[in-house]
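Since we're looking at a predicted model, the values are computed, not measured. Numbers here simply count residues along the sequence, with the first being 1.
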Amino acid sequence: MNRQISLFAQTPQSADDIDGRTGLEATFDLFADFLRGEDKTEHTIKAFIGDLRLLAEFTGGALPTAELGAERLERFLQWMENERGVPCSRKTYARRVTTLKVYCQWLHDLEVLAEDPAQSIRQRSGPAPLSDVLTDAQVRDCIVAAGEFKRGAEQDHRPALLFQLLLQTGIKKAECGRLRLRDINRGSTDGAELYIRHKLRDVYKERRVILDADTLRLLDSYVRQYQVEDLLFTCTTRNLEYILTDIGACAPVPFKLSFEVMRWTMAVRDYRAGVDESLIREKLGLSRQSWYETGDKVRRLANMLRTG
C-alpha cells in the first residue's frame, strides 16, 4: 500500500490514519494500543510512552513523523545522556533505545516511514541483566528429579509433564494455567499440536507449538492419573510455580527454577539447535519489534553456554 501525505495534519483515529504529516504526540495513544495488543504490561507501556514524551520534548511534539530520521534520533540520545542535566542510568538508556527501535519499526510497518531510522542505533550502555538458563546437564538432572516425585505409592506425573511441557513450548505461567485438553490436536499432519489461545480486548489470538512423542506419553499418563476432563492443570498457577521450585531444588539447580527460566531455556535450546529465529519468535508469541531485545538476549545466552 502506498501512503500519501495528507495536506493537513489531523489527529489520527486509528493506526491507518497516520501518515508522514502526523505529529509525534498524536501517535502515542495509538502506539500504546499497539503495545497492549502485543501483551505488554501497563508498566512497560507507561515507560515506553514516557520515553517518547521525552523525545517529543526534544524535537517538539508536532514534529511530523516523516522527519524522524536517524541523525535526529542520535542527537536526541546525545542530549538525553550528556546535555539534559538529568542522570540517565545504563538500564534507562538501554530501555530508551529499545523504545525508539520498537516505535520506529511500528511506523515502518505501517509504511509511514520508508526506512527505519532506528535500525542503525546501537546500545552504548549496558543492557538489562540476563536471565538464568538451564544447561544441558541441568536439564537432564531436572528430568530425573521430576520423575521421582510421588503421589501416594506411585510416581506423580504432574511435575514431569509440567517440566517437559515448558521445556518444549516456553509458554507463560498464565498461558499454562489456561490450557485445556481441547487445545491439543493429535490429528495434525505435522504431529500433535498445542494451541495457545488468549483473548485480548475482544480479539482472540492463537499460536501453535508441535509436541513430541515423549511429552504426549507423559500427558496421557497424567490425564489418566488425575482424571482430567477439561482444564489441564486444576491447581493454581502458584502451585505450579512451587512444583518448578521443588524440581530445581531436587536437581539441584543453583538458582530458582521458574516459568521465566524455562521460557528462556526453551528459546536458547532452540537457537542452539539451529531453529530459525523467526520460528523461535513465533513460538514465543512475540512481534518482530519485541524480538529486537529478546533475540539479542537469546544469542548472548547461547554464547555464554557455549563458552562456559
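Put simply, NZ on Lys172 and CG on Leu166 are 13.5 Å apart, with the number rounded to the nearest 0.5 Å. A distance of 12.0 Å separates CD1 in Ile184 from OH in Tyr195, rounded to the nearest 0.5 Å. In this structure, OG1 in Thr135 is found 12.0 Å from CE in Met304, a value given to the nearest 0.5 Å.
Using a cut-off of 4.0 Å between Lys/Arg side-chain N and Asp/Glu carboxylate O, Asp296 and Arg300 are scored as salt-bridged. Taking a cutoff of 4.0 Å between a charged side-chain nitrogen and a carboxylate oxygen, Glu241 and Lys173 qualify as a salt bridge. Ionic pairing of Arg269 and Asp136 is present here: one or more N-O contacts between side-chain nitrogen and carboxylate oxygen are shorter than 4.0 angstrom. Lys46 and Glu42 are not joined by a salt bridge, as no carboxylate oxygen comes within less than 4.0 angstrom of a charged side-chain nitrogen.
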Item to check | Asp51 vs Leu54, side chain to side chain contact (heavy atoms under 4.5 Å, CB included): CA-CA, chis, key distance, verdict | outcome: CA-CA 5 Å; Asp51 295 339; Leu54 188 61; 5.7 Å; no

Item to check | Residue pair Phe48, Lys40: steps toward the side chain to side chain contact (heavy atoms under 4.5 Å, CB included) verdict | outcome: CA-CA 10 Å; Phe48 274 32; Lys40 299 298 183 184; 5.6 Å; no

Checklist entry - Does the side chain to side chain contact (heavy atoms under 4.5 Å, CB included) test come out yes or no for Phe233 and Asn239, once each step is laid out? => result CA-CA 10 Å; Phe233 295 109; Asn239 283 338; over 6 Å; no

Next on the checklist: Apply side chain to side chain contact (heavy atoms under 4.5 Å, CB included) to residues Ser131 and Arg263 and explain how you reach the verdict.
Outcome noted: CA-CA 10 Å; Ser131 171; Arg263 187 167 169 83; over 6 Å; no

Next on the checklist: Under the criterion salt bridge (charged side-chain N to carboxylate O under 4.0 Å, His left out), I'd like the reasoning laid out for Glu71 against Arg75: C-alpha separation, chi angles, the key distance, then a yes or no.
Outcome noted: CA-CA 6 Å; Glu71 184 179 350; Arg75 290 206 308 270; 3.5 Å; yes

Next on the checklist: Let's go through Ser278 and Asp276 carefully: what are the C-alpha distance in whole Å and the side-chain angles of both, what is the deciding distance for side-chain hydrogen bond (donor to acceptor under 3.5 Å, both in side chains) to 0.1 Å, and is it a yes or a no?
Outcome noted: CA-CA 5 Å; Ser278 64; Asp276 187 90; 2.3 Å; yes

Item to check | side-chain hydrogen bond (donor to acceptor under 3.5 Å, both in side chains) between Tyr271 and Asn303, worked out | outcome: CA-CA 10 Å; Tyr271 177 81; Asn303 186 61; over 6 Å; no

Please tabulate, one pair per line, all N/O donor-acceptor pairs under 3.5 Å involving side-chain atoms of residues 102-110, not counting sequence neighbours.
| residue | atom | partner | partner atom | Å |
| --- | --- | --- | --- | --- |
| Tyr103 | OH | Thr27 | OG1 | 2.7 |
| Gln105 | OE1 | Tyr292 | OH | 3.0 |
| Gln105 | NE2 | Asp109 | OD1 | 2.7 |
| His108 | ND1 | Leu113 | O | 3.0 |
| Asp109 | OD1 | Arg288 | NH2 | 2.8 |
| Asp109 | OD2 | Arg288 | NH2 | 3.2 |
| Asp109 | OD2 | Gln289 | NE2 | 2.8 |

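Taking 4.5 Å as the limit, some side-chain heavy atom of Gln138 sits within range of a side-chain heavy atom of Phe255. Inter-residue side-chain proximity for Arg299 and Glu277 is flagged as met; some heavy-atom pair is nearer than 4.5 Å. Counting heavy atoms from C-beta outward, Val97 and Leu77 have side chains that approach closer than 4.5 Å.
Residues Arg182 and Asp230 approach most closely at NH1-OD1, 3.3 Å, considering heavy atoms. Considering every non-hydrogen atom in both Ala70 and Ser120, the closest pair reads CB-OG, 4.3 Å. Nearest approach of Thr169 to Val209, heavy atoms of both residues: CG2-CG1, 3.8 Å.
In terms of the salt bridge (charged side-chain N to carboxylate O under 4.0 Å, His left out) criterion, residue partners of Asp183 (sequence neighbours excluded) are, by chain and number, Arg197.
Residue Glu83 places its CD atom among more than 12 non-hydrogen atoms of other residues, nucleotides or ligands, all under 6.0 Å distant.
Remark: side-chain polar atoms of Asp270 are not paired, donor with acceptor, to backbone N or O of Ala267 under 3.5 angstrom.
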